[in-house]
Amino acid sequence: MKYKVSLRKTDEGFSVSCPGLPGCWSQGKTEQEALENIADAITDYIAVSTDLAATEET
């Protein structure tokens, strides 16, 4: 699944968030690093959400 992200230049590098996943954000010194970091954050976000949903079902 693909998610849109919002990338912004900051004084420290780049900040990136995923509007479709509240609270899912990351950063990086370069644009590429920020995009790689948000990809990892999205994967982790989905894994945790899946685990929490499974816990609530039991």
Query raised in the report: Got S17 and L7 here, is their nearest side-chain heavy-atom distance under 4.5 Å?
Result: no

Requested in this report: Grab the two heavy atoms, one from S6 and one from P19, that are nearest each other, plus how far apart they are.
Outcome: N-CD, 4.3 Å

Requested in this report: Report whether V16 and M1 are members of the same hydrophobic cluster (ILVMFWY, side-chain heavy atoms less than 4.5 Å apart, transitive linking).
Outcome: yes

Query raised in the report: Given side chains that start at C-beta, do those of C24 and I42 come closer than 4.5 Å, heavy atoms only?
Result: yes

Requested in this report: Kindly indicate whether the side chain of V5, heavy atoms from C-beta on, has any atom under 4.5 Å from the side chain of L35.
Outcome: yes

Query - Nearest heavy-atom neighbours spanning T10 and S15 - result: CG2-CB, 3.7 Å

Query raised in the report: To the nearest 0.5 Å, what is the distance between CG (L21) and CG (D44)?
Result: 11.5 Å

Query raised in the report: Does the side chain of Y3 reach to within under 4.5 Å of the side chain of I46, using non-hydrogen atoms?
Result: yes

Report summary line: The single option from Q27, E33, K9 that satisfies side chain to side chain contact (heavy atoms under 4.5 Å, CB included) with F14 is K9

